[in-house]
Structures are given as structure tokens and as C-alpha cells.
Amino acid sequence: MVTFILKRIGSGLVVLAAISCLTFFLLYFSSTNIARNILGEYATPEQVAAKQSELGLDQPILTRFATWVGNALTGDFGTSWFTNEPVVQSLLTRLPVTLALVVTSILIIAVLSTLIGVAAAVKRGWIDRVVQTAAVIGDAIPNFVLAIVFVTIFAIQLGFFPATSSIQPGADAGAWVASLTLPVIALVISGLTSAAQQVRSAVIKQLEKDYVRTLRSRGISEGVILFKHVLRSAAPAGLTVLSLQFIGMLGGVVIIEQIFALPGMGALAVQSTTLGDTPLVMGVVLYTVIIVIIVNLLVDLANGWLNPKVRVS
């Protein structure tokens, strides 16, 4: 098991290093006239040159990359070129909003999709038909469309929820619940049907295997077979789908945060990319990749615990 974990951590570190290197060099070739953009169009050439020297833009690319890596390894991601705010502080302010939105949505999807998927696989009939139909419809409707509908009806017209986020530093739990309810519902509806469909398929596949018939022939109750054996064998497929949905939400939550004016990582990524704020963009990319690596590691560990064959492979 230790070797299994070390291999997963090693592969994650390789991915992190590769993405960091690629992102840095892509930003270098795309970030032109940053000093001019910071100072404004009326800045003199001398002022622009001084600003470039201050930001280190006059240094060779390899020197800048080595400096950034050395600082990043100590936890220093620099300061924003446009706001002069430390990158770590900006990220730690925005990260809880995005994680609260995505993690809450995934947990709700995990519970509901398991219940619905198992019911569809065991009962079949109309429940099964409803799940399959809803899966097709759910995949066809983007979550941002649902978000726009919800904010228009329940926030603007009915006033049940705030149209824009009321999450601020030091905000109470009520403000968080009021601001996150509609976006969470939009994300859950969008991801629930497809996850339930995957759980349904995995459970049906397990129910058709020989070991289930053997357990039934021994007189073991259907409840024990389902919850002790079938669900454990079907869980890896469900976990994989949920991990993919988590990663997809983490990258696609940008539009949701813009619609509800949530001060999360998505809004920060859009702002920093538009301005060409390299330190902030690198911080957002690194934190996002680290979260994805951690989620994949946890899913691999869970799959390895559920299925020893995964550890061997």
C-alpha cells in the first residue's frame, strides 16, 4: 500500500511540475507590454523600463523561471502586478468560496445519485426509465443555463435569494447559505442525473455476476448482498465519475461564479488572465492542480481499499 501511495504522489508531482513549466512559458510569450498596461498609456519609456526592471521582466526567461520556482518551493508566489496584494493572500481569500460550492455540490450528488441509481438498478420499471430520460436531458442542459433561470426567477423576480453574493470577509453562516443555495442547486441538477446513470449501470453489472447468484443460493438476504457486496464492488465506478465531476466543476465553475457574483477562484482566474497578471495566474493554476492531484489521490486510495487489484495494477 505504501508503494501504491508513493507512486501516486510521484506521478502527481510530475504533473504539477509539467503544468507549472508549461503555464509559465506560455504566459511569458503572451504577456507583452505588461509594464505599459500597469502604468497606463501616458507613461514615459523611462518609467516603463524602470517598471520592467522592478518586475524582473528584463531578465532572461530561464532566470525568471528559476527564481519563481525557488520562491514557490518556500510558499512565496510573489505579489500581484496590478494590486500589489500577496498572491497567497488573494488565493486563500477566494479558495474557501469555490471549495464550499464544489464540495457541497459533490457531496449532495454522491448521496442522491447513489440512492437513485440503486433504486433504478434494483426496481427497474418506471424509475429506471425516468433516470435514463433525465440523464439525457441533464446532459443536454448546461449548468449555467439553469443558473441564469434560477437567478432570474428566485432571486430577481421572487426575491427569495440575493441576486448577487453577500459573502464578505467575516460573513456569517446565513450569508454563505443564502449565496450558495442557488448555485449549488444548479450544479447538483446538472451533475446528478449522469452520476445516477453511472451508478445504475455499475450496480446492474454487479447484479448480473456469478458471485451474486452464489450468495443468493446460500440464502443471504438481498439487503446484505446489495449493501455489503454489490455496492462495494460498484463503488469504484461511482467514485471515478464523482472525481471527474469534481474536476469538471472546479474548472467550469467560472461561469457560475460570474452569474452569482461569487468571490471565488473562477472570478479571480478570469480577472488575472485578462490583465496578464502572471504571478496571480500561476498561483491560481498551481492551487487548482494541487487540489486536483489531492482529489485523484484520495479516489485512488479509496479504489485501492475497495479493490485490491487496483493496488497491484
Side-chain angles (χ1 to χ4, degrees), residues 1-20 23 72-73 75 77 88 91-92 94-118 143 176 180 183-184 187-188 190-192 194-203 205-206 227-254 256-257 264-266 269 283-313:
M1 190 65 176
V2 175
T3 304
F4 175 78
I5 296 174
L6 291 177
K7 286 182 178 180
R8 292 298 185 269
I9 294 176
S11 61
L13 292 176
V14 171
V15 171
L16 180 63
I19 292 179
S20 301
T23 304
L73 290 175
F77 293 97
V88 173
L91 296 175
L92 293 180
R94 308 278 191 131
L95 187 60
V97 178
T98 298
L99 286 182
L101 176 60
V102 176
V103 172
T104 302
S105 302
I106 286 296
L107 290 177
I108 295 175
I109 289 174
V111 174
L112 294 181
S113 64
T114 301
L115 295 176
I116 296 172
V118 170
N143 53 31
W176 282 78
L180 293 179
V184 165
L187 290 175
V188 168
S190 178
L192 175 60
S194 60
Q197 173 75 355
Q198 294 297 325
V199 172
R200 167 197 170 275
S201 300
V203 171
K205 184 178 180 180
Q206 294 300 319
F227 292 103
K228 186 176 180 180
H229 300 280
V230 172
L231 274 183
R232 176 165 183 169
S233 300
L239 287 174
T240 302
V241 171
L242 290 174
S243 68
L244 293 175
Q245 287 196 345
F246 181 92
I247 295 171
M249 284 185 187
L250 200 62
V253 79
V254 176
I256 297 293
E257 290 183 354
M265 291 281 285
V284 170
V285 170
L286 234 66
Y287 269 58
T288 303
V289 174
I290 290 173
I291 293 172
V292 170
I293 290 173
I294 292 174
V295 170
N296 284 332
L297 177 61
L298 293 176
V299 171
D300 286 341
L301 291 176
N303 284 336
W305 174 72
L306 291 168
N307 185 3
K309 294 181 180 179
V310 175
R311 298 197 297 268
V312 176
S313 61

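Because only heavy atoms are used, hydrogens play no part in the values below, and waters and symmetry mates are left out as well, while side chains stay in.
Residues Asn296 and Phe246 form no side-chain contact, since every pair of their non-hydrogen atoms from C-beta on lies 4.5 Å or further apart.
Residues Trp176 and Ala100 approach most closely at CZ3-CB, 4.0 Å, considering heavy atoms. What you find for Gly117 and Val199 is that their closest heavy atoms are CA-CG1, 4.0 Å. Between Ala302 and Leu239 the shortest heavy-atom distance is CB-CD1, 3.7 Å. Shown here for Ile9 and Leu297, the closest heavy-atom pair between the two residues is CG1-CD2, 4.0 Å.
No donor-acceptor pair under 3.5 Å is formed between the side chain of Gln206 and the backbone N or O of Val230. Between the Thr98 side chain and the Met265 main chain, a donor and an acceptor come within less than 3.5 Å of each other. A donor-acceptor pair is defined here as one N or O able to donate and one able to accept, closer than 3.5 Å; no such pair exists between the side chain of Thr104 and the backbone of Leu101.
Atom CZ of Arg200 and atom NZ of Lys205 lie 13.5 Å apart (nearest 0.5 Å). Going from atom CD of Gln198 over to atom OG of Ser113 covers 10.0 Å, rounded to the nearest 0.5 Å. Here the OG atom belonging to Ser20 is positioned 4.0 Å from the CG atom belonging to Leu286, to the nearest 0.5 angstrom. Annotation: the span from Ile256 atom CD1 to Ser190 atom OG amounts to 8.0 Å, rounded to 0.5 Å. For the atom pair CG of Leu99 and CG of Leu250, the computed distance is 7.0 Å after rounding to the nearest 0.5 Å.
In this view, Thr23 and Ile19, Leu27, Met282, Val285 satisfy the side chain to side chain contact (heavy atoms under 4.5 Å, CB included) rule, not counting sequence neighbours.
Gln245 and Ser194 form a side-chain donor-acceptor contact under 3.5 Å, judged by distance and modelled atom types alone.
Each of Thr288, Ile293, Val292, Ile294 was evaluated against Ile290; a single residue qualifies, Ile294, per the side-chain contact (heavy atoms from CB on, under 4.5 Å) test. Each of Ile109, Leu107, Val299 was scored for a side-chain contact (heavy atoms from CB on, under 4.5 Å) with Leu242, with one residue passing: Ile109.
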Legend entry - From CA spacing to verdict: side-chain contact (heavy atoms from CB on, under 4.5 Å), Ile108, Leu187: CA-CA 10 Å; Ile108 295 175; Leu187 290 175; over 6 Å; no
